Amino acid sequence: MIKVLFFAALREQLNSEEISLPLDKMVTVEHVIESLVTKNPDWKTAFSHTLLCAINQEMVTKNHTVKSGDEVAFFPPVTGG
Amino acid sequence: MIKVLFFAALREQLNSEEISLPLDKMVTVEHVIESLVTKNPDWKTAFSHTLLCAINQEMVTKNHTVKSGDEVAFFPPVTGG
Amino acid sequence: MISVNKNAANNNTVKIAIQTADFNLADEVDLLENNNDDDGAVATFSGRVRNNNLGKSVSGLFLEHYPGMTEKSLEKIIEQAQAQWNIGRVTVIHRIGQLLVGDQIVFVGVTSKHRQDAFAACEFIMDYLKVKAPFWKKELSEGVESWLDARQSDEEKAQQWQS
Amino acid sequence: MISVNKNAANNNTVKIAIQTADFNLADEVDLLENNNDDDGAVATFSGRVRNNNLGKSVSGLFLEHYPGMTEKSLEKIIEQAQAQWNIGRVTVIHRIGQLLVGDQIVFVGVTSKHRQDAFAACEFIMDYLKVKAPFWKKELSEGVESWLDARQSDEEKAQQWQS
């Protein structure tokens, strides 16, 4: 299982802030997005925007490996400061 | 006449903070220094150090013209801030 | 949420605070300067909610963040600054939640023996915070709430430090 | 000696103060921010007397200046900053007379709509003040008073802005 978090505009677009996803093998961030969109076809548009991803609270690129127990977060480019 | 001011280390070396100097024609800053040193031969060492000059409170170079009524100031490179 | 790491050996105290509460700039500068006679230079930046953005009038902001990751990302940014410049103490405060026009949003303060290091590290931390720290602003403008888009200029400014 | 030029049209208030008295950083930042919702960014620098300089322990400083020219030179430096960057209010305070370790010497604060302008103008003003404003420091170190030499590095840093 992995925990998947959504923030800001993405959270509102998906109307979801946290879901759990079964994970039986090591995959990439790209695969996680694919399986999210397969399960929820109406999420496709939201995931077509530029998004950032963090695994265990560290920014990663989309070919980064995800393993069971990871906290995976998707969010729009940041706008603090 | 011109008013000549000295500041900081230079003021202490010359033991003078302000003098008046007669001026019968337009000269350069370089000429002012020459006439100061001619009148006070023991000032020669102090004026051989790197010094800055301001005329009427604006920084100038040594070939700048000095005219009667000017306030001419000599001082070491500045060290504020 | 406050994290303070004190390294007694070289006076490198780091304070990171993510909070809804306002902060007092003078208190923060006192904290940077107190018992810190080694460092003569203090550079600070403070950012507040402006009354306009990209030509629209603004009445307030809501700031969301990613608890946990926010602190980690700020720690990492500060470590990068410490690696590049000879700096002493660092404070980063970022507010979250509902803010009004004129409210303080962010404070960065850096002390150093030399002003150039204090300025550079302070600006670096702000630039990296803008593109690396997980904060998001929702703007209230003329009765409409909308998430702000990231600015290309912020991304470009942060990249300049790598050259 | 305080000179305040207010340009109501674009909120460009300039405050220059040369004083023996101490100043309060929070009050100065308040003055920069008060009724200034246009400018979201405030960059500040403050310099204090360090307890050491070039390896020697320092117990105090005496600061001499050239009354009249000091104010003029600071006005000119601020005008140059206003010409180069889009900035709002500017405050420059420089103390003179006898100062002890830890005492504040100088404050520069700049507001702007954008942080980059505030940072750049603040650093520029400090760099130019260091080489153009007629202040001289006499240092008291181990019982001996001596005038400080100007630093080549300050001259070089100021020249960088011209490239």
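First the proteins, then the strands, lettered A, B, ... as listed; each starts at 1. These numbers were taken from a predicted model, which means no experiment stands behind them. Note that these values count all heavy atoms, side chains included, but never hydrogens, waters or copies made by symmetry.
Contact annotation for residues 44-52 of chain A against chain C (heavy-atom separation below 4.5 Å): no residues qualify. Contacts of residues 141-150 of chain C with chain A at a heavy-atom distance below 4.5 Å involve C:Trp147, C:Leu148, C:Asp149, C:Ala150, listed in sequence order. Of residues 32-42 of chain A, no residue lies under 4.5 Å from chain C by any heavy-atom pair. Residues of residues 64-77 of chain A placed with any heavy atom under 4.5 Å of a heavy atom in chain C are listed by number as A:Glu71, A:Ala73, A:Phe75, A:Pro76, A:Pro77.
For the atom pair NZ (C:Lys138) and OG1 (A:Thr79), the distance works out to 11.5 Å, reported to the nearest 0.5 Å. With values rounded to the nearest 0.5 angstrom, C:Ser73 atom OG is found 7.0 Å from A:Met59 atom CE. The structure places CZ of A:Arg11 at 4.0 Å from CD of C:Glu64, a figure rounded to the nearest 0.5 Å.
Judged by distance alone, the side chain of C:His94 and the main-chain N or O of A:Gly80 form no donor-acceptor pair under 3.5 Å. Between the side chain of C:Lys130 and the main chain of A:Val78, no donor-acceptor pair closer than 3.5 Å is present.
Annotation for C:Lys157: atom NZ counts as buried by contact number, over 12 foreign heavy atoms lying within 6.0 Å. Atom CD of A:Glu17 has 12 or fewer heavy atoms from other residues, nucleotides or ligands within 6.0 Å. Crowding of A:Asn15 atom CG: a count of heavy atoms from other residues, nucleotides or ligands under 6.0 Å not exceeding 12.
When all heavy atoms of A:Ala54 and C:Met69 are compared, the pair lying nearest together is CB-SD, 3.5 Å.
Among the candidates C:Trp136, C:Phe62, C:Phe135, the residue making the largest number of heavy-atom pairs closer than 4.5 Å to chain A is C:Trp136.
Using a 4.5 Å cut-off between heavy atoms, C:Lys72 contacts chain A through its side chain alone, with no backbone atom that close.
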